[in-house]
Structure formats: C-alpha cells, structure tokens
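First up is the structure itself, then whatever we jot down about it.
Everything numeric here is computed off the predicted structure, so don't read it as measured data.
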Amino acid sequence: MARLTFIAGAAAGYVLGTRAGRERYAQIKAGSGQLWRSQPVQRQVASARHVAKTRVAPAALDAVSTAATAAGDRLREGAGRISADSERDVRSSVER
C-alpha cells in the first residue's frame, strides 16, 4: 500500500510540476537569452575568442607539432630496430 501511495504522489507531483515547469522554463529561457545578448557578456565572449585565436591556437599547434615530431622519431627508431632484427633472423634461418 505504501508503494502505491508513493507512486500516486510522485505521479501527481510530476503532472503538477510539468504544468508549472513549462511557464518557469520559458521565463528562464527568456532571461538567459537576454543575459547572453547583453553588452558585458558579449564583450567577454569577444575577448575570449581573441585570446583563443592569438594565444591558445598557436600554443596548441606547437604542442601537436612537437608530439608529431617525437612520434615520428620513435617510429623511425623502431623501424630501424625491426630491420636490423629481421635481417639477423633471416641470416640465421638461411645458415641453418
């Protein structure tokens, strides 16, 4: 019986909450849109975009370039080891 009462209360709360919720959601959405379009917020957005283009992007490009160079060096180093090892294996197989 307690479960049925809980489920009925939860269902009633959900229905009543969704009716009041739509209106409140519309109010919050309108307020957040107004805030987003305000001059102080837009100035900060423009500033953040400028910083991202002038400082963050070049630093990220440099980091990726360094990582790619290091990966290429390691691949070449590993390929040299594989070549030397496989050459020895082939020689030993032929000699047998």
Worksheet item: Between atom OG1 of T69 and atom CZ of R74, what is the distance when rounded to the nearest 0.5 Å?
Response: 12.5 Å
Discussion item. Going by the rule salt bridge (Lys or Arg N to Asp or Glu O under 4.0 Å), which residues pair with R76 if we only count those two or more places apart in sequence or in a different chain?
Written reply: D73
Discussion item. So which atom in V41 and which in W36 form the shortest heavy-atom distance, rounded to 0.1 Å?
Written reply: CG1-O, 3.8 Å
Worksheet item: Do other residues, nucleotides or ligands put more than 12 heavy atoms under 6.0 Å from Q27 CD?
Response: yes
Discussion item. Given 3.5 Å as the limit, does a donor-acceptor pair link the side chain of S38 with the main chain of L35, or not?
Written reply: yes
Side chains of residues 46-60: which donor-acceptor pairs under 3.5 Å do they make with residues two or more places apart or in other chains?
unit_1	atom_1	unit_2	atom_2	d
T54	OG1	H50	O	2.8

